[in-house]
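What you see below is based on every heavy atom in this structure, not just the backbone, and it leaves out hydrogens, waters and symmetry mates.
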Amino acid sequence: MSATSSVTATDVSRAEYCVIACAEAWRDNGEVLASPMGLIPSVGARLAKSTFSPGLLLTDGEAMVVGLDGAAEGWLPYRQHLTMVTGGKRHVMMGASQIDRFGNQNISCIGDWERPDRQLLGVRGAPVNTLNNPVSYWVPKHSRRVFVEKVDMISGVGYDSAAAAGPSATRFHRIPRVVTNLAVLDFDTEDHAMRLVSVHPGVTVEEVQEATGFALVLPESGEVAPTREPTAAELRLIREVIDPKATRDREVKPV
C-alpha cells in the first residue's frame with residue numbers, strides 16, 4: 001500500500017473518522033488561528049496543518065503558538081489573541097451542551113434561566129466567537145439531549161438569531177460544520193437549517209435522525225454520502241506522530 005493510497009473502512013476506527021471530519025473544517029482556511037476544544041478536534045487541527053492546511057497557527061490554548069510537536073514557537077499575548085478573534089483570523093471548534101436546527105448553541109444552563117435544572121460553564125466567549133469568526137462544533141455523543149428543537153439559552157449565536165440582530169451580527173457570522181460521533185452536518189441550505197452531509201461508516205441516516213430532536217435537511221439528491229476515508233499517510237500521521245497514545249479513543253470508543 002502506498003503512502004497516499006486509501007484504506008478500507010474496516011481499517012479505520014470511528015474516532016479516526018471523526019478526526020478526519022474535524023480536520024476538514026480547517027481545509028483551505030489559510031493563515032488563521034485554529035482553536036480546537038476537545039481531544040479529537042485537537043488531533044484534527046494538527047492533522048490539517050500537517051497536510052492540506054499548512055498555514056494554520058496552533059496554540060497551547062493559553063499563551064503560546066506551538067508547532068506540530070507541541071513545542072512553543074512564539075508568544076501569543078491575550079491582547080493579540082483578542083485582535084485575531086475580532087478580526088476574523090480564527091476558526092474555533094467548540095463543544096455544545098445543546099444545539100438547535102439553526103446552530104444556536106448552549107453551554108450555559110439546562111432549564112429555565114431564572115431557575116435552571118443544571119448550571120454549566122456559562123456563555124464564556126461563545127457570543128464573541130460566533131459573531132466575529134467562523135465557529136464549528138464538535139459533539140462526541142450525538143443525542144436528542146444535545147440536538148434540540150430550541151436551546152434553553154443562547155450562548156453561541158445561530159443563523160436565525162444573527163439574522164434577527166441585523167447586519168452587525170451577520171457580517172462575519174459563519175458556522176462551517178458540526179461533527180459528531182455519528183455524522184457531519186452543516187447549514188448550507190436556503191434558510192440555514194441544519195443539513196446532514198455525511199454519515200460515518202456503520203451509521204445509517206435513520207440512526208442519525210433518531211438521535212436528533214428535529215428534522216434534518218437531506219441533500220437534494222436524497223443520498224447522504226459516507227464520511228471520506230483517510231489516506232494511509234493520514235492514518236500514519238494520526239497513529240504514529242500526532243496521537244500515538246490513541247487518546248482519541250477515550251472520546252469516541254471503538255465500535
Side-chain angles (χ1 to χ4, degrees), residues 21-38 40-42 44-45 48 56-59 61 76 78-110 113 119-140 142 146-180 184-195 197 212-214 216-217:
C22 287
E24 286 289 344
W26 285 285
R27 183 179 286 275
D28 300 325
N29 275 200
E31 193 172 282
V32 303
L33 182 66
S35 294
M37 301 179 186
I40 284 177
S42 295
L56 288 179
L57 300 178
L58 303 176
T59 77
L76 186 68
Y78 197 60
R79 63 180 180 276
Q80 186 176 343
H81 198 147
L82 288 176
T83 298
M84 299 181 81
V85 172
T86 57
K89 301 296 287 183
R90 182 173 179 246
H91 184 169
V92 185
M93 182 168 280
M94 297 178 64
S97 299
Q98 292 180 327
I99 188 168
D100 67 26
R101 69 171 67 240
F102 295 111
N104 295 290
Q105 170 248 32
N106 176 24
I107 53 172
S108 184
C109 65
I110 302 298
W113 183 83
Q119 180 66 52
L120 305 175
L121 291 173
V123 297
R124 307 296 287 265
V128 174
N129 290 341
T130 47
L131 294 184
N132 287 280
N133 50 241
V135 174
S136 293
Y137 292 106
W138 161 242
V139 179
H142 191 134
V146 179
F147 288 81
V148 296
E149 183 68 35
K150 185 177 181 181
V151 298
D152 291 337
M153 179 178 178
I154 296 174
S155 302
V157 179
Y159 280 98
D160 59 339
S161 298
S168 63
T170 58
R171 185 178 179 187
F172 301 115
H173 179 268
R174 187 164 70 89
I175 308 173
R177 64 172 43 196
V178 179
V179 180
T180 81
V184 179
L185 309 105
D186 68 12
F187 300 90
D188 192 15
T189 56
E190 187 173 348
D191 62 351
H192 295 298
M194 191 181 290
R195 180 181 70 156
V197 176
T212 306
F214 51 86
L216 293 166
V217 179

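Side-chain contact between Met94 and Asn129: present, with at least one pair of heavy atoms (C-beta onward) separated by less than 4.5 Å. At least one side-chain heavy atom of Phe187 sits less than 4.5 Å from a side-chain heavy atom of Val178.
Within the structure, salt bridge (Lys or Arg N to Asp or Glu O under 4.0 Å) pairs that include any residue of residues 95-105 comprise Arg101-Glu149 (at least two apart or interchain).
Considering every non-hydrogen atom in both Arg177 and Ala21, the closest pair reads NH1-O, 2.8 Å. Minimum heavy-atom separation, Gly103 to Ile175: O-CD1, 3.7 Å. Between Ile107 and Ala96, the shortest heavy-atom contact is CG2-CA, 4.1 Å. Nearest heavy-atom pair, Ala45 versus Pro36, reported as atom, atom and distance to 0.1 Å: CB-CG, 3.9 Å. Of all the heavy atoms in Cys22 and Met93, the pair that sits closest is SG-SD, 3.6 Å.
Every residue two or more places apart in sequence or in another chain that forms a side-chain hydrogen bond (donor to acceptor under 3.5 Å, both in side chains) with Asp160 is listed here: Asn104. Residues meeting the ring pair (Phe, Tyr, Trp, His ring centres under 6.0 Å) test with Phe147, sequence neighbours left out: His142. Remark: Ser136 engages His91 in a side-chain hydrogen bond (donor to acceptor under 3.5 Å, both in side chains) (not counting sequence neighbours). With sequence neighbours excluded, no residue forms a ring pair (Phe, Tyr, Trp, His ring centres under 6.0 Å) with Trp138. By the ring pair (Phe, Tyr, Trp, His ring centres under 6.0 Å) test, Phe102 is found to be paired with no residue, residues two or more places apart in sequence or in another chain being considered. For Val146, the side-chain contact (heavy atoms from CB on, under 4.5 Å) partners are Ile99, Val139, Ser143, not counting sequence neighbours. Arg195 is linked by a side-chain hydrogen bond (donor to acceptor under 3.5 Å, both in side chains) to Asp186, counting only residues two or more places apart in sequence or in another chain. Residues satisfying the side-chain contact (heavy atoms from CB on, under 4.5 Å) criterion with Ala48, sequence neighbours excluded, are Ala23, Trp26, Phe52, Ser53, Leu56. By the salt bridge (charged side-chain N to carboxylate O under 4.0 Å, His left out) test, Asp152 pairs with no residue at all, sequence neighbours left out. Here Arg27 pairs with Glu24 under the salt bridge (charged side-chain N to carboxylate O under 4.0 Å, His left out) rule; sequence neighbours left out.
We find the CG-CG distance between Leu57 and Asn29 to be 11.0 Å, quoted to the nearest 0.5 Å. Note: Arg90 CZ to Asn133 CG = 5.5 Å, rounded to the nearest 0.5 Å. Note that CE of Met153 is 11.5 Å distant from CD1 of Ile110, once rounded to the nearest 0.5 Å.
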N/O donor to acceptor pairs below 3.5 angstrom from side-chain atoms of residues 163-173, sequence neighbours left out:
unit_1, atom_1, unit_2, atom_2, d
Thr170, OG1, Pro167, O, 3.4
His173, NE2, Val157, O, 2.7

Steps toward side chain to side chain contact (heavy atoms under 4.5 Å, CB included) verdict (Thr130, Gln105): CA-CA 10 Å; Thr130 47; Gln105 170 248 32; 6.0 Å; no
